[in-house]
Number of protein chains: 4
Amino acid sequence: MVRISKDPDERKSEIIETAYNLFMTNGFEETAVSDIVKAIGVAQGTFYYYFKSKEEILDAVINRIINEILGKIDDVIKDPAMNAIQKFITTIDVLLKYAIGTESLANYVHMEKNAQMHQRFAGCITSHLVPEFAQIIEQGNREGLFNTSYPEETAHFVLFGLSALHDELSKLIYDDQEQRKKLLALDEIITRCLGAKKGSLKFLDLGGKPDE
Amino acid sequence: MVRISKDPDERKSEIIETAYNLFMTNGFEETAVSDIVKAIGVAQGTFYYYFKSKEEILDAVINRIINEILGKIDDVIKDPAMNAIQKFITTIDVLLKYAIGTESLANYVHMEKNAQMHQRFAGCITSHLVPEFAQIIEQGNREGLFNTSYPEETAHFVLFGLSALHDELSKLIYDDQEQRKKLLALDEIITRCLGAKKGSLKFLDLGGKPDE
Amino acid sequence: MVRISKDPDERKSEIIETAYNLFMTNGFEETAVSDIVKAIGVAQGTFYYYFKSKEEILDAVINRIINEILGKIDDVIKDPAMNAIQKFITTIDVLLKYAIGTESLANYVHMEKNAQMHQRFAGCITSHLVPEFAQIIEQGNREGLFNTSYPEETAHFVLFGLSALHDELSKLIYDDQEQRKKLLALDEIITRCLGAKKGSLKFLDLGGKPDE
Amino acid sequence: MVRISKDPDERKSEIIETAYNLFMTNGFEETAVSDIVKAIGVAQGTFYYYFKSKEEILDAVINRIINEILGKIDDVIKDPAMNAIQKFITTIDVLLKYAIGTESLANYVHMEKNAQMHQRFAGCITSHLVPEFAQIIEQGNREGLFNTSYPEETAHFVLFGLSALHDELSKLIYDDQEQRKKLLALDEIITRCLGAKKGSLKFLDLGGKPDE
DNA sequence: CATGAATGAGTATTCATTCAT
DNA sequence: TATGAATGAATACTCATTCAT
């Protein structure tokens, strides 16, 4: 086969991108290294030139996603013009949009096959997202919008509750009535968790289509 | 090798038990069928005499656990002498004790390898436990102890929040101070979610050692 | 399970019968001993009480069939009232009816899986049927109806040619026009092989439905 | 183990060759993939680098043989210098020589184990050889050497009769007297089938040693 | 005569990884 | 940088057969 040399960074990116797509479509365990290289059109050895193992590319893929999300969320958090409620809602919006954009439909079929990836993902979420969330909650406390004694724990709790919600929302993707109910429930529950004023948090218009 | 015949039920139980332990210790995918039979001291064929496939024993293992938990929780729910708060706390107690008893330590090392099992587990939890939890919450509403407009969603949310908590608690198993803080946080968060009276829910003495 | 004792011969017959059906439907290799016992409703061990091995029951099954056919053909051969042509045609009729009755349709799907059985069958045909056929041809020579210098070889040749024909006929089971042509071809070919008078052999009305 | 890279085509051929020999000696079903690779001295994976499954190599083996035979026969058929009788005899010569060269002795022991392969083989023979044979017969008709109303059916019939003969000839490999008789019988039978002039077809010097 | 639990050798197949070129 | 042939360990599953009861 013709040998096509590329800029190393570009090639590495290409591999990560391709792996990401395959992992999402077919699951991590179900994706063979040979699938990845075949999809790109390079040799088996090329993969191992850039990554020491299959594990390593899983890391690379996950890091890329996390960083993407974190980048967006950081922008929100650093925005001096937003109050805590706005930040909170926007952040959740980012999360849901991202999640719906990437995980919906197709991979529910493969969810079981994707367990390992999900788990790894969940770990990253916890370690990276919880602290950022906690910051927002603390800001809310200072602004008198929220009233929670345990910002970090609440952040953690809400984040996991949200993941449950997200799963449910995904399943109900075609049932607007039920979706609406879930979102209203979320309003109530989260408002209470955060000690916010009744009616100050509205999720109804969230979780819409990802704005790609 | 000497042939030791056993009562089929006994043998089946023995296999499930052994598989359970190995799955917990080394993870499902990392456990070969040959590991299971070797641990018992029977032939490979014996396994397949009782289970059609490796998948089937995963089901068996999970069902056994779920049923054990559900059995205990059902007793609580049906108890006419308990009010909703008592039921709620007792149920969570059952869950945490169970979880701590079975999952602590060892398998955190292997958690990633156990992802598939966890996922399957989570599915069962959702479908079986959420409705029971919702019943308790509804009872609490009727009794004036809780005040939630969305019992089912709240049950779901709280259950997943709890799983986050549980993970954290497990990691902190030797740090009483931090554990205490988590449990107090839980008091506040859940009390608010349920719309219960402040101070009516106390988790502090929960999550103790499993009473096996 | 309740133990049902039967007359040994009856039980043996039952096993052979069942095995025969399963072999025909699913092929010999594809039929497990456990399939046979399950179909009857007896224990695994029972099978080995009557047959030493799986090979042994293949023998039993084939012998039963061969004997059935040979019985019918013997009657024809011994019939003093028939001339060689009548015997010849009747014999082929028996064969084709038998073959069509037992092998048609279903097992063409499984033919490849049935190869071993077919082969064994072919061997029996050769050793048992060829001599009988040769006898008929010799009688025909004596009667001046046939004229062949090598009765045995001709018998052999014709028998195998017939098997080819039979395969083709089976495939053409719904195409009368083509079937007719094949049968006319057979008339010509066999007439010539036997050195019979043109028009003295007619196969057209053969290969009809088996008279079960 | 030392890693010996080869030209892929060469390696593939090597595998097919080795598989062919093992199949012939021990039978297809009785030959494990591990036997093949062990015989070559490569790793298990190497086999699956070239063939998707064990089935696939059976195909490869059979195709190679068939093509070899067909190649030789095609040359004969296309030869404008031969009349139908010469072509007919030469073709049968090719078949018998080939068959005797490859199948004799060893595999009669294992014939039963080779059934599946034989069957597959027979199918190919029918679909590929019959039409070529029929062409020769038609040419013979045109040349006034043969006189058959049903060339295709006769081709089919004769081909199968021949296979019977071949089996017999193989068994009689050391008995010249009997072989001679079989071949004379064949002269008569086939001459008649084809409607050829008496004495125009001679098989006696056929079926000799293969000229490898 | 019959049971049915237990045996265990046998095998196709996958795939992450290596390495000579 | 890149190739792609080669590696080989690892594993789920089948099934004819045995044997204690």
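Heavy-atom basis, side chains included; hydrogens, waters and symmetry copies ignored. Naming: A, B, ... by sequence-line order, numbering from 1 per chain.
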S.K.: Can you give one letter per nucleotide of nucleotides 14-20 of chain F, going 5' to 3': B for a protein heavy atom under 4.0 Å from the base, S for sugar-phosphate only, - for none?
M.R.: BBSBBS-
S.K.: Send over the distance from D/Lys38 NZ to F/dA6 C1', rounded to a whole Å.
M.R.: 18 Å
S.K.: For residues 59-70 of chain C, run the donor-acceptor check on the side chains, cut-off 3.5 Å, and write out each pair with its distance to 0.1 Å, sequence neighbours left out.
M.R.:
{"from": "C/Asp59", "atom 1": "OD1", "to": "C/Arg120", "atom 2": "NE", "distance (Å)": "3.2"}
{"from": "C/Asp59", "atom 1": "OD1", "to": "C/Arg120", "atom 2": "NH2", "distance (Å)": "2.4"}
{"from": "C/Asp59", "atom 1": "OD2", "to": "C/Arg120", "atom 2": "NH2", "distance (Å)": "3.3"}
{"from": "C/Asn63", "atom 1": "ND2", "to": "C/Asp59", "atom 2": "O", "distance (Å)": "3.3"}
{"from": "C/Arg64", "atom 1": "NH1", "to": "C/Glu17", "atom 2": "OE1", "distance (Å)": "3.4"}
{"from": "C/Arg64", "atom 1": "NH2", "to": "C/Ser13", "atom 2": "OG", "distance (Å)": "3.2"}
{"from": "C/Asn67", "atom 1": "ND2", "to": "C/Asn63", "atom 2": "O", "distance (Å)": "3.2"}

S.K.: Please report the distance, rounded to the nearest Å, between CG in B/Leu58 and C1' in F/dT11.
M.R.: 17 Å
S.K.: C/Phe28 and C/Lys54: which non-hydrogen atoms are nearest, and at how many Å?
M.R.: O-NZ, 3.2 Å
S.K.: Is B/Arg11 close enough to E/dA6 that one of its side-chain N or O atoms is under 4.0 Å from OP1 or OP2 there?
M.R.: yes
S.K.: To the nearest Å, give me how far apart CD1 (B/Ile57) and C1' (F/dC13) are.
M.R.: 14 Å
S.K.: Output all residues satisfying ring-ring contact (aromatic ring centres under 6.0 Å, His included) with A/Tyr48, sequence neighbours left out; order by chain, then residue number.
M.R.: none
S.K.: Suppose we screen for side-chain contact (heavy atoms from CB on, under 4.5 Å). Which residues come up paired with D/Asp7, at least two apart in sequence or across chains?
M.R.: D/Asp9, D/Glu10
S.K.: Keeping C/Lys12 on the side-chain end and C/Phe51 on the backbone end, is there a donor-acceptor pair under 3.5 Å?
M.R.: no
S.K.: Can you give each donor-acceptor pair under 3.5 Å made by side-chain atoms of residues 31-42 of chain C, sequence neighbours left out, with the distance rounded to 0.1 Å?
M.R.:
{"from": "C/Thr31", "atom 1": "OG1", "to": "C/Leu22", "atom 2": "O", "distance (Å)": "3.4"}
{"from": "C/Thr31", "atom 1": "OG1", "to": "C/Gly27", "atom 2": "O", "distance (Å)": "2.6"}
{"from": "C/Asp35", "atom 1": "OD2", "to": "C/Ala32", "atom 2": "N", "distance (Å)": "2.9"}

S.K.: Tell me the closest heavy-atom pair linking C/Ile57 and C/Phe47, and the distance in Å.
M.R.: CD1-CE1, 3.7 Å
S.K.: Between F/dT1 atom P and A/Ile40 atom CD1, what is the distance in whole Å?
M.R.: 16 Å
S.K.: Rounded to the nearest angstrom, tell me the gap between atom CD1 in D/Ile36 and atom P in F/dA6.
M.R.: 16 Å
S.K.: Just call it for C/Tyr50: base, sugar-phosphate, or nothing, with non-hydrogen atoms closer than 4.0 Å on any strand.
M.R.: sugar-phosphate
S.K.: Whole Å only: how far is the CG atom of D/Asn26 from the P atom of E/dG10?
M.R.: 15 Å
S.K.: I want to confirm an ordering. Mapping D/Val42 and A/Pro8 to their closest nucleotides on DNA chain F, which one lands closer to the 5' end?
M.R.: A/Pro8
S.K.: Any chance you could encode DNA chain F as dot-bracket? Rule is Watson-Crick or G-U wobble with both distances under 3.5 Å; [ ] for pairs crossing earlier ones, | for another strand.
M.R.: .||||||||||||||||||||
S.K.: What residues form a side-chain hydrogen bond (donor to acceptor under 3.5 Å, both in side chains) with D/Glu14, not counting sequence neighbours?
M.R.: D/Lys6, D/Arg11
S.K.: Output all residues satisfying ring-ring contact (aromatic ring centres under 6.0 Å, His included) with A/Tyr50, sequence neighbours left out; order by chain, then residue number.
M.R.: none
